[in-house]
Amino acid sequence: MKILAVSCSPRKQGNTEIMLGEALQGAKADGAEVELYRVSGKDIQPCDGCWTCMKNGECHIKDDMQELYEKLLAADGIIFGTPIYFYAMTAQAKTVMDRTMPLGHPKRNLANKVGGVIVVGGSLGLVDAIKDLYFYFVTRRMLPANYVAAYGGAKGDVNKLEKGRKAARDLGRQMVQLVNKKFEYPPEFISPPIAYGTHTF
Ligand SMILES: Cc1cc2nc3c(=O)[nH]c(=O)nc-3n(C[C@H](O)[C@H](O)[C@H](O)COP(=O)(O)O)c2cc1C
C-alpha cells in the first residue's frame, strides 16, 4: 500500500513539510510504503483549459506534472499539504488541483483513493482551503479521511505543536486503515465527475 504526500508549499522543509512528514511517519508505522513529493522547484504549468484530457485522460502539457500523474495514480492514499496564502491554498496547490482534470477519465482516475488534508497558516483562512480540498475529493470520487489544521508562521514553528504533530501521525495511520477497508465508489457515478448545479445544462 502506498501513501503519497504532496507538499504544495513553495518553501522547502517548512511547516507543511514537517506536518506531512509526521503523517507519513504514522502511515509507515502502520505498514505503508510512503513518499513525499514536493512541488517546490518543479515545473508545473497551469491548466490551459483545452479540455482535450476529457477524451483520453492525458494532458498535452509535458512538464513535471506528468511524473506526478503517475505517482497519484499509483498511490492508494494521497495527503495534500498546503500553507495558507491570502486566505486560500497556495497557487501551487491550486495548479496541481486543476491539472488533475485528466484524472477524471473512466480508465485513469483517482476514484477510491483515500484523501487527507494538512493545512498550515499563521492566522486566518485555513478552513477555506480545507473546504476546497474536500470538495475536490468529492469531484475526484475519493474517500475523505481527516484533516489537520496547524498554526505556524516561521519555518519550524509547528515543531512546537505536540498535539498537532500527533494529529498528523494519526491522520497517516487513519489513511492506512481506511485504505484497508477497500472503499469502492459505485462505478456508474465515477465519470464524468461533475456536480449538478443550476448552471449545468
Ligand atoms: C504570501 C504569503 C501569504 C500568506 N497569507 C496567509 C494567510 O492569508 N493566512 C494565514 O494564516 N497565513 C498566511 N501566510 C503564512 C503562511 O501560511 C505560514 O507562514 C505557513 O507556516 C507557511 O508554511 P510553509 O512553512 O510550509 O511554507 C502567508 C505567507 C505568505 C508567504
Side-chain angles (χ1 to χ4, degrees), residues 2-29 32-47 63-65 67-69 71-72 75 77-100 110 113-140 142 144-176:
K2 288 187 184 164
I3 304 291
L4 174 71
V6 182
S7 173
C8 298
S9 172
R11 184 157 75 166
K12 282 191 179 138
Q13 291 165 340
N15 295 318
T16 307
E17 247 185 76
I18 293 168
M19 294 299 281
L20 287 173
E22 295 282 356
L24 292 182
Q25 214 177 296
K28 197 173 174 183
E33 192 183 315
V34 299
E35 181 177 355
L36 175 74
Y37 185 91
R38 294 184 185 94
V39 305
S40 175
K42 300 286 183 185
D43 173 24
I44 300 182
Q45 301 293 316
C47 170
D63 59 5
D64 290 333
M65 192 64 204
E67 69 176 7
L68 185 51
Y69 286 137
K71 289 180 188 295
L72 291 167
I78 304 164
I79 309 173
F80 287 100
T82 180
I84 302 304
Y85 275 18
F86 284 96
Y87 313 102
M89 71 181 77
T90 56
Q92 287 82 353
K94 186 62 168 57
T95 301
V96 167
M97 185 193 270
D98 293 347
R99 287 289 302 283
T100 63
L110 300 180
K113 297 183 190 296
V114 175
V117 172
I118 292 184
V119 297
V120 185
S123 56
L124 289 174
L126 288 81
V127 76
D128 300 284
I130 292 168
K131 174 203 72 186
D132 292 344
L133 281 157
Y134 281 93
F135 268 121
Y136 173 78
F137 291 158
V138 171
T139 67
R140 299 291 79 176
M142 291 170 69
N146 222 354
Y147 63 83
V148 176
Y151 283 90
K155 214 170 179 176
D157 268 358
V158 294
N159 281 320
K160 297 177 216 151
L161 307 175
E162 217 164 289
K163 278 188 190 165
R165 286 189 292 120
K166 179 174 183 312
R169 289 194 296 278
D170 285 347
L171 167 61
R173 296 186 48 239
Q174 188 197 29
M175 303 265 314
V176 171

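In this chain, numbering begins with 1 at the start of the sequence shown. Treat the numbers as computed from the prediction; the structure is a model and nothing was measured. As the structure lists them, so they are numbered: ligands from 1, and atoms in each ligand from 1.
Inclusion of Gly153 in the set of residues having an N or O under 3.5 Å from an N or O of ligand 1 is warranted. Considering backbone and side-chain N/O of Asn15, one or more are found under 3.5 Å from N/O of ligand 1. Any N or O atom pair closer than 3.5 Å counts here, and Ile84 shares at least one such pair with ligand 1. Not one N or O of Pro83 is nearer than 3.5 Å to an N or O of ligand 1, by distance alone. The distance criterion of under 3.5 Å between nitrogen or oxygen atoms is met by Ser9 with respect to ligand 1. Where the criterion is an N or O separation shorter than 3.5 Å, residue side chain and backbone included, Leu126 fails it with respect to ligand 1. Taking distance alone, with nitrogen or oxygen atoms compared against 3.5 Å, Phe86 approaches ligand 1 more closely than that limit.
The side chain to side chain contact (heavy atoms under 4.5 Å, CB included) search around Ala149 returns Val119, Leu126, Ile130, not counting sequence neighbours.
No more than 12 heavy atoms of other residues, nucleotides or ligands shown are found within 6.0 angstrom of NZ on Lys166. At most 12 heavy atoms of other shown residues, nucleotides or ligands fall within 6.0 angstrom of atom OH in Tyr147.
Distance from atom 12 (N) of ligand 1 to its nearest protein heavy atom, with residue and atom name: Gly122 N, 3.1 Å. Looking only at protein heavy atoms, the nearest one to atom 8 (O) of ligand 1 is Tyr87 N, 2.8 Å. The protein atom (non-hydrogen) at minimum distance from atom 30 (C) of ligand 1 is Tyr85 CE1, 3.5 Å. For atom 20 (C) of ligand 1, the nearest non-hydrogen atom of the protein is Gly152 O, 3.5 Å. At the shortest separation from atom 26 (O) of ligand 1 among protein heavy atoms lies Thr16 OG1, 2.7 Å.
Salt-bridge check for Lys2 with Glu35: failed, with every basic side-chain N at 4.0 Å or more from each acidic carboxylate O.
At a 4.0 Å heavy-atom cut-off, ligand 1 touches Ser123 through backbone and side chain alike. Heavy atoms of Leu124 found under 4.0 angstrom from ligand 1 belong exclusively to the backbone.
In this structure, the separation between CZ on Arg169 and CD on Gln25 is 6.0 Å, given to the nearest 0.5 Å. Taken to the nearest 0.5 Å, the CE atom of Met89 stands 9.5 Å off from the CZ atom of Phe80. Rounding to the nearest 0.5 Å places CD1 of Ile118 at 11.5 Å from CG of Asn15. Separating the SG atom in Cys8 from the NZ atom in Lys94 is a distance of 12.0 Å, to the nearest 0.5 Å.
Interface atoms of ligand 1 facing Gly14, defined by a heavy-atom separation under 4.0 Å, are 25 (O), 26 (O).
Only one option out of Leu72, Ile78, Leu110 pairs with Arg140 in a side-chain contact (heavy atoms from CB on, under 4.5 Å); it is Leu110.
Taking every heavy atom of both residues into account, Val96 and Met65 meet most closely at O-CE, 4.0 Å.
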